[in-house]
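The chain is numbered in sequence order, starting from 1. Nothing here was measured: the structure is a model prediction, and the numbers come from that model.
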Amino acid sequence: MMRIHGYYDIDVVNGPGTRCTLFVAGCEHRCRGCYNPRTWRTDTGTPFTLQMEEQLIADLNDTRVPRQGLSLSGGDPLHPHNVPHIRRLVRRVRRDCPGKDIWLWTGYELAELSAAQRVILDAIDVLIDGRFVEAEKDARLQWRGSRNQKIWWLRQPPPAEDIAPPGLRFSD
């Protein structure tokens, strides 16, 4: 069972617009200067239950507070322990929450992803990859903590101010 360290049903920091954000447990990277070191172990936090999943889906579809989408952070949603659970969750959000985007933060780089991790890319819109590097920390960056991290626009176009190469696009 996947465990979580937090769920925000209304969040305006972790991605564009108003969102639901889930912070999962488990991270192999253990980056120096990490903002969430309490999330590194997979056996900490609270079990992510079916009841929590149902609430997340209901929150995404709540028209009283329209949400643009779901943000997945942690820990690391692509930690091997989390992959089957995240894969199922993002497929459900795609199916049950039409029009909502999905953003995912991982310490892995795109080129490092296993076949099981890459399957998740088919269901998300934006991937922010790369370990947090304290020496490259930059508080002016949007949606990233350090300059080495990249934003990959997988299913949606980048904002107009970003210039991206064809195919998989990213922001430096």
Side-chain angles (χ1 to χ4, degrees), residues 2-27 35-36 39 45-79 81-110 113 116-130 132 140-146 149-164 167-172:
M2 182 172 72
R3 299 179 74 84
I4 65 166
H5 276 270
Y7 170 64
Y8 299 147
D9 62 330
I10 299 175
D11 183 11
V12 296
V13 176
N14 294 290
T18 302
R19 316 183 64 72
C20 294
T21 300
L22 189 66
F23 293 92
V24 303
C27 184
Y35 183 72
N36 289 323
T39 66
T46 306
F48 184 66
T49 64
L50 182 56
Q51 181 180 8
M52 289 177 170
E53 181 178 317
E54 294 297 334
Q55 185 62 56
L56 185 150
I57 297 297
D59 291 340
L60 282 170
N61 288 320
D62 184 350
T63 58
R64 295 171 300 165
V65 181
R67 275 78 161 194
Q68 182 170 330
L70 173 64
S71 293
L72 297 166
S73 190
D76 195 329
L78 296 184
H79 182 286
H81 176 80
N82 295 328
V83 166
H85 309 285
I86 293 295
R87 181 177 57 238
R88 190 179 61 71
L89 177 61
V90 297
R91 286 178 175 168
R92 177 150 188 227
V93 169
R94 270 287 161 243
R95 183 188 74 221
D96 295 350
C97 305
K100 305 300 179 184
D101 64 21
I102 303 171
W103 285 47
L104 188 148
W105 280 257
T106 183
Y108 299 99
E109 292 182 14
L110 182 65
L113 297 180
Q117 291 167 321
R118 285 184 170 273
V119 168
I120 293 170
L121 300 183
D122 293 336
I124 67 171
D125 296 275
V126 177
L127 175 74
I128 295 89
D129 79 342
F132 173 75
R140 297 168 297 180
L141 294 172
Q142 191 171 36
W143 304 315
R144 299 170 288 159
S146 58
Q149 295 170 316
K150 292 187 171 92
I151 301 174
W152 297 90
W153 304 91
L154 304 174
R155 295 173 61 122
Q156 66 185 53
E161 66 272 7
D162 285 344
I163 299 173
L168 282 179
R169 298 166 307 211
F170 66 91
S171 298
D172 287 327

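- The structure places CG of Leu72 at 5.0 Å from CD1 of Ile86, a figure rounded to the nearest 0.5 Å.
- Summarising the geometry of Ile4 relative to Met52, their closest heavy-atom pair is CD1-SD, 3.9 Å, with the distance given to 0.1 Å.
- His81 and His85 have tilted rings, their planes meeting at an angle from 30° to 60° on a 0 to 90° scale.
- In this structure Gln68 satisfies the side chain to side chain contact (heavy atoms under 4.5 Å, CB included) test together with Pro16, Arg19, Asp101, sequence neighbours excluded.
- Shown here are the side chain to side chain contact (heavy atoms under 4.5 Å, CB included) partners of Asp9, two or more places apart in sequence or in another chain: Tyr7, Asp59, Arg67.
- Checked against the 6.0 Å centroid criterion, the rings of Trp152 and Trp103 do not qualify as a close aromatic pair.
- Judged by distance alone, the side chain of Asn36 and the main-chain N or O of Gly74 form a donor-acceptor pair under 3.5 Å.
- A donor-acceptor pair under 3.5 Å is formed between the side chain of Asn82 and the backbone N or O of Asp76.
- Between the CG atom of Asp62 and the CD1 atom of Ile10 there is a distance of 8.0 Å, given to the nearest 0.5 Å.
- Across Trp105 and Trp143, no two heavy atoms sit closer than the pair NE1-O, 2.9 Å.
- Checked against side-chain hydrogen bond (donor to acceptor under 3.5 Å, both in side chains), His5 has the following partners two or more places apart in sequence or in another chain: Arg38, Thr44.
- Here the CG-SG distance, from Leu60 to Cys20, works out to 4.0 Å after rounding to the nearest 0.5 Å.
- Under the 4.5 Å side-chain criterion, counting only non-hydrogen atoms from C-beta, Arg92 is in contact with Ile57.
- Annotation for Val83 and Leu78: closest pair CG2-O, 3.6 Å, computed over non-hydrogen atoms.
- Proximity of Ile120 to Leu127: side-chain heavy atoms (C-beta onward) are nowhere separated by under 4.5 Å.
- Taking 4.5 Å as the limit, some side-chain heavy atom of Arg91 sits within range of a side-chain heavy atom of Val119.
- Residues that satisfy the side chain to side chain contact (heavy atoms under 4.5 Å, CB included) test with Val12, not counting sequence neighbours, are Thr18.
- Of all heavy-atom pairs spanning Met2 and Val24, the tightest one is SD-CG1, 3.8 Å.
- For the pair Thr21 (side chain) and Asp11 (backbone), a donor-acceptor distance under 3.5 Å is absent.
- Residue Gln117 comes nearest to Tyr108 through the heavy atom pair NE2-CE1, 3.4 Å, listed as atom of the first residue, atom of the second, then distance.
- Taking Arg94 as the reference, Ile102, Ala123, Asp125, Arg155 meet the side chain to side chain contact (heavy atoms under 4.5 Å, CB included) condition, with sequence neighbours excluded.
- At least one donor-acceptor pair closer than 3.5 Å links the side chain of Arg3 to the backbone N or O of Gly45.
- When all heavy atoms are compared, the tightest approach of Leu104 to Ile124 is CB-CD1, 3.9 Å.
- Between atom CD of residue Glu54 and atom CG of residue Asp96 there is a gap of 8.0 Å, rounded to the nearest 0.5 Å.
- Shown here are the side-chain hydrogen bond (donor to acceptor under 3.5 Å, both in side chains) partners of Thr39, two or more places apart in sequence or in another chain: there are none.
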